[in-house]
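Working notes, structure below.
Letters A, B, ... are given to chains in the order of the sequence lines, protein chains preceding strands, and every chain is numbered from 1. Note that the structure is a prediction, hence the values are computed from the model and not measured.
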Amino acid sequence: MEKMSADTMKDIVALCKRRGFIFPASDIYGGINGFWDYGPLGVELKNNLRDRWWKDMVVTPPIGPDGAPIEIVGVDSSIIQNPRCWEASGHVGGFNDPMVDCKESKKRYRADHVFVLIPKDGQGTSFAFDKDAEQSDIESRLKKFAKGKSASDFEKEMLDKVPAKMFASIIGPDAKEPGTLTEPRQFNMMFHTYVGAAAGDENKAYLRPETCAGIFLNFKNVVDSSRTRVPFGIAQIGKAFRNEVTPRNFIFRSREFEQMELEWFCEEEEVPMWFDFWVEQRTKFWEAVGIPKAELHFLDVAKEDLAHYSSRTIDVEYRFPFAAPGFDELEGIAHRGSFDLTQHEQFSGTKLEYFDQAANKRFTPHVIEPSTGLTRGVLALICQAYTVDESRPSGVYLNFQPGMAPKKAAILPLTAKEEHVPLAQKLYMDLREDFAVDLDIKQNIGKRYARQDEIGTPYCFTVDNDTISDQTVTVRDRNTMAQNRIHMDKVKEFVKDRIR
RNA sequence: GCGGGAAUAGCUCAGUGGUAGAGCAUCAGCUUCCCAAGCUGAGGGCCGCGGGUUCGAUCCCCGUUUCCCGCUCCA
């Protein structure tokens, strides 16, 4: 397989559009930044990955360390919730960073990460510094530009606390002239909307920036209604929305995306064991859907980079072509502690403790969260499958793991002759009861194989003259292009054996 | 949000101040017992959108949107 590069992305994007996997949203209007639509094959691929995740999590959850299957149930919560839930989660206050741009240095700063030295006498210019600036740098800069004043002549104030009218006299951290800093602008990652006809602050609501909140909000409902016992998990798949500053890299960072999240509730003492368990399980999942372990990277997120709620996070990263030879995040497995349940308990006034009847104790479970982007997963599958092969007519094929392929098989009469078509139709009608399959009658066989290669169909079953006499068809393998004969009655079993 | 580049058929791209082309794809027919995407033909674009200059703009200028690259950002 050819080495991945940033250029590969262009070819992948073109193929995705040409063959109906992914289109720009609002394409005929010129698109809209950060939004993408899934076409006929894209939606099949996405559903396959989604269904596989759901099956592995909710329908047939993994075997636990004690040898018994663990317990996971699903929910499907609303995208819009009571806005107070986002205050509890920290999204309203937490990701509302005021940003400042410098017109001179073209740099952007978080206003709460920059401090300003303001002259105590109110005269002359003020100096802005990054919060991590070295004391020696501060002094040398003052010596150079402060006209005889020293550090003791200044008051320190964070930039986001400085009134906007004073900005004209501030020299930015990387600037030489005063007045180049723009006024702080709020960058809130959450989309907001209004519930009801009248638009006003009192009915402002948010589109969820992640699906997990809907799980925590329903923790009590699930426990009360489903006979689940800690340890157990609640899974959810759904859309989430983030007003990304810069959507980039095709569907990798988009403003509307789809998540598959599991919140695993357990006792605090068992967290390390379950954490390792989930890292292993999730790795197996990605391998099973066609991502080799060699293309994955496990990043133990450094303490200083951890989200406020997490004491440990492992990012499962994939070698996306735009990141190669590096990696970018595909899934995050986070220990969220009891942060969410505690927060929602406080903000809602509803007890979210768990009562263990056997041990007769009451506690707030800790949470391990394997959270992955379904749409990022789709991109990873496409990138992984994309294989250049100059020797074949299509020049490229998609090497999907058969279970993930949008079409599991194509049924092709070798010619459009009367004898071949009815047999192919019969096989098609039989197979489509169980699998997504194509029946393609038109044009010569080479063209049809090439077309199936390009959309990643793993098997082509071809009806020829021998089929008429002995009911066998050829199976043509996408990756090897090799052919074998099997009986028509065995075709369904053949496919079934290979798609899991 | 900043800087740079790009925008012409579904895709990849040529092209010229006088209202457009190729290859592939799609469709029809032919051919073909298996990679021959071979042969013949057809459909398809007010050249991203809006302004300006000009007798006339796909081409020159400005704005805008989208995409790509680099920053920034990514709780």
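Separation of the A:Y318 and A:F327 ring centroids does not fall under the 6.0 Å cut-off. Side-chain rings of A:F250 and A:F252 stay apart, their centers remaining 6.0 Å or farther from each other.
Legend: side-chain hydrogen bond (donor to acceptor under 3.5 Å, both in side chains) pairs involving residues 24-35 of chain A, not counting sequence neighbours, sorted by first then second residue: A:K17-A:D27.
Between A:D438 and A:K407 there is a salt bridge, since at least one side-chain N of the basic residue sits less than 4.0 Å from a carboxylate O of the acidic one.
The shortest distance between the side-chain N/O atoms of A:K17 and the OP1/OP2 oxygens of B:rU12 is not below 4.0 Å.
Between the base of B:rG10 and the side chain of A:R19 there is no donor-acceptor pair shorter than 3.5 Å. The base of B:rC34 is paired with the side chain of A:Y449 by a donor and an acceptor separated by under 3.5 Å. With hydrogens and angles ignored, a donor-acceptor pair under 3.5 angstrom links the side chain of A:T474 to the base of B:rC34.
Contacts with RNA chain B (heavy atom under 4.0 Å) in residues 33-47 of chain A: A:N33, A:G34, listed by number.
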Extract from the structure each pairing of a protein N or O with an N or O of nucleotides 4-6 of chain B at less than 3.5 Å, listing the distance.
none

What does the list of N/O pairs under 3.5 Å between the protein and nucleotides 38-42 of chain B look like, with a distance for each?
unit_1: B:rG38; atom_1: N7; unit_2: A:N444; atom_2: ND2; d: 2.8

Writing each nucleotide of RNA chain B 5' to 3' as (, ), [, ], | or . by Watson-Crick or G-U pairing under 3.5 Å yields (((((((..((((....[..)))).(((((.......))))).....(((((..]....))))))))))))....
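For A:Q81, there are no side chain to side chain donor-acceptor pair (under 3.5 Å) partners, not counting sequence neighbours.
The 12-atom threshold is exceeded at CD of A:E419, counting heavy atoms of other residues, nucleotides or ligands nearer than 6.0 Å.
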